[in-house]
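Here the structure comes first, spelled out in structure tokens, and everything after it is commentary.
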Amino acid sequence: MNPPSHPTPPPAPADHDTPPTAPAEPHAPSATAHGSPPPGAENNLLVRAGDVLRPALALYLDLHAHPEPSGQEARTADRFGRCLAAAGCEVTHGVGGHGVVGVLRNGDGPRVWLRAELDALPMREQTGLPYASRTDAMHACGHDLHLAAAAGAAELLARLSDRWRGTLLVVGQPAEETLDGAEAMLRDGLYERFGRPDVVLAQHAAPLPSGTVAHAPDGAPMAAAGAVLDVVLHGRGGHAATPHLAVDPVVTAATVVTRLQTVVARETAPADQVTLTVGTLRAGTAANVIPDRAELGIGVRASSEASLDRALAAVRRIVLAESAAAGAPREPEVTVTSRSAVLRCDPDATDSVRRAHIGLLGSGRVLSWPGSMATEDFPLFGDAGAGVHGQHGIPLVYWMLGVVGADAWRRATADGPDASPPPPNHSPHFAPHIGSALRPAIAALTSAALDRFAAG
């Protein structure tokens with residue numbers, strides 16, 4: 001996600017040293033470092049979050065160093081499940097793939113769900129951190145922070161059992177980056193097996209100052225419907241010395257990539273919002289061989305379902321036409337591998353959680369989020385997934401979580417040529433300032449859960 005513009009940026013949080021090793025607790029931020037809550041507000045959850053910081057930090061550092069891409073999250077699920085079990089949850093593994101569900105019962109009351117994502121991205125980390133990824137994957141979107149915060153919130157809520165009644169469910173969802181993990185869990189009977197939620201809560205790392213959260217005023221923090229397409233272009237292989245005897249799918253792929261740019265530039269109304277990215281292009285095995293196929297991975301996002309449908313139709317039309325123009329021996333294959341709806345949060349529940357966050361952090365650190373063209377499969381936990389899980393009226397609440405340390409935020413908001421925006425999500429340099437971000441992440445999730453338990 002790209003950092004939003006704030007006419008009056010909030011003050012930078014106090015910086016703290018990044019933890020060098022897994023077992024060590026960071027120089028943890030104090031409540032005052034992130035805007036002092038009013039006296040007695042939320043019983044100082046920011047302070048109480050320090051009680052569970054050490055195991056949450058250890059989980060974060062472990063997962064950051066050992067990320068696993070979508071569909072391969074076995075180790076991540078195991079580590080997350082162990083932390084939930086240590087917090088007193090009954091843990092079930094293998095829900096919809098590597099999905100994990102932890103259940104903490106505390107009498108009669110609402111069923112409040114917390115959701116975090118297990119998967120990382122298939123890219124090499126370039127942060128230079130001492131706990132950087134040791135694999136070819138990377139937690140470049142903060143999912144490791146989400147998991148650590150969810151595990152910390154579960155443990156903190158277990159310690160605060162005198163302050164709430166009901167059932168807490170903590171979900172570790174696989175395959176969010178490919179937009180098919182939520183559906184897989186739901187099709188595996190998530191709601192039938194664990195009960196209909198009264199609310200589902202989630203937060204997401206964003207390039208905002210640590211110690212802040214941001215809610216979308218219109219309840220649409222990610223105002224984009226999204227789809228992922230796999231395209232296979234067929235050619236006729238041959239020798240590089242005799243291209244006239246072959247049909248080169250690489251040339252076809254190049255024309256497709258170029259032509260696809262007109263979907264946004266020339267087929268989308270200026271007032272509409274559509275993005276189209278060819279994220280992968282694979283073809284060939286040697287420089288002197290014309291291959292017989294080329295494969296493209298395409299991501300499309302749009303501000304409405306109707307706009308997304310129009311963009312997908314345009315992609316199909318262009319791929320078919322360019323393939324025919326090249327004289328391909330077979331029609332191309334265009335497959336929508338996953339799709340997600342616009343994320344719309346429940347306005348009443350969101351407003352209540354926002355007030356809880358103001359009580360926790362202070363009004364100056366609860367910001368307005370302008371929305372984003374990022375996309376999520378989180379909407380499927382609510383009405384967007386009713387066709388899968390058969391439930392209607394499940395409220396969703398989703399907010400953005402600041403992860404930028406003080407020095408980096410000062411650089412980001414400096415005037416003139418000294419300004420240096422923090423690396424965005426999905427950058428190989430993306431790195432939450434964990435020493436100042438983890439404690440408020442735990443507290444924000446805990447505060448939201450307590451608010452929903454109190455709502456009945």
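Sequential numbering from 1 along the given sequence is applied to the chain's residues. Keep in mind the model is a prediction, meaning the values are calculated, not measured.
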ask   = Is there a side chain to side chain contact (heavy atoms under 4.5 Å, CB included) between Val278 and Leu260 once you walk through the steps?
value = CA-CA 9 Å; Val278 180; Leu260 284 177; 4.0 Å; yes

task = Tell me, with the steps shown, if Leu168 and Val103 meet side chain to side chain contact (heavy atoms under 4.5 Å, CB included).
result = CA-CA 6 Å; Leu168 176 73; Val103 181; over 6 Å; no

May I ask you to decide if [Y]'s main-chain N or O and [X]'s side chain share a donor-acceptor pair within less than 3.5 Å?
X      : Y      : result
His146 : Ala205 : yes
Ser427 : His429 : yes
His389 : Gly189 : no
Asp292 : Gly237 : no
Arg439 : Ala49  : no
Thr268 : Val263 : yes
Ser420 : Ala412 : no
Thr258 : Ala254 : yes
Thr280 : Gly297 : yes
Gln261 : Arg259 : no

Let me confirm one number: the [atom1]-[atom2] distance from [X] to [Y], rounded to the nearest 0.5 Å.
X      : Y      : atom1 : atom2 : answer
Arg124 : Asp136 : CZ    : CG    : 4.0 Å
Leu201 : Phe378 : CG    : CZ    : 7.0 Å
Asp309 : Ser304 : CG    : OG    : 8.5 Å
Phe194 : Arg111 : CZ    : CZ    : 10.0 Å
Glu68  : His139 : CD    : NE2   : 8.0 Å
Arg75  : His98  : CZ    : NE2   : 13.5 Å

Minimum side-chain heavy-atom gap [X]-[Y] below 4.5 Å:
X      : Y      : result
Ser372 : Met400 : no
Leu169 : Val101 : yes
Leu438 : Leu57  : yes
Ile394 : Arg196 : yes
Leu121 : Pro69  : no
His66  : Ser133 : no
Ile298 : Leu276 : yes
Glu267 : Arg317 : yes

Under a 3.5 Å threshold, yes or no: a donor from one side chain and an acceptor from the other, between [X] and [Y]?
X      : Y      : value
Ser338 : Asp180 : no
Ser352 : Asp451 : yes
His234 : Glu333 : yes
Glu322 : Thr252 : no
Asp272 : Ser307 : yes
His239 : Thr242 : no

Charged N to carboxylate O below 4.0 Å: is that the case for [X] and [Y]?
X      : Y      : result
Asp383 : Arg344 : no
Asp351 : Arg354 : no
Arg339 : Glu305 : yes
Arg115 : Asp377 : yes
Asp62  : Arg82  : no
Glu295 : Arg293 : yes

Minimum heavy-atom distance [X]-[Y], with the two atoms named:
X      : Y      : result
Ala431 : Thr127 : CB-CG2, 4.0 Å
Ala253 : Leu233 : CA-CD1, 3.5 Å
Val336 : Arg316 : CG2-NH2, 3.7 Å
Leu118 : Gly172 : CD1-O, 3.5 Å
Pro217 : Trp369 : CD-O, 3.4 Å
Ala302 : Val274 : CB-CG2, 4.0 Å

Do [X] and [Y] have their ring centres less than 6.0 Å from each other?
X      : Y      : result
Trp399 : His357 : yes
Tyr191 : Trp113 : yes
Tyr60  : His64  : yes

ask   = Which one of Leu208, Leu145, Thr212, Asn425 satisfies the side chain to side chain contact (heavy atoms under 4.5 Å, CB included) criterion with Val403?
value =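 The single option meeting the side chain to side chain contact (heavy atoms under 4.5 Å, CB included) with Val403 is Leu145.
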
Step-by-step side chain to side chain contact (heavy atoms under 4.5 Å, CB included) determination, Ser323 to Glu331 = CA-CA 7 Å; Ser323 182; Glu331 281 197 349; 6.0 Å; no

request  = Start with the C-alpha distance between Val257 and Leu296, add both sets of side-chain angles, then the distance that settles side chain to side chain contact (heavy atoms under 4.5 Å, CB included), and finish with yes or no.
outcome  = CA-CA 9 Å; Val257 171; Leu296 290 79; 3.7 Å; yes

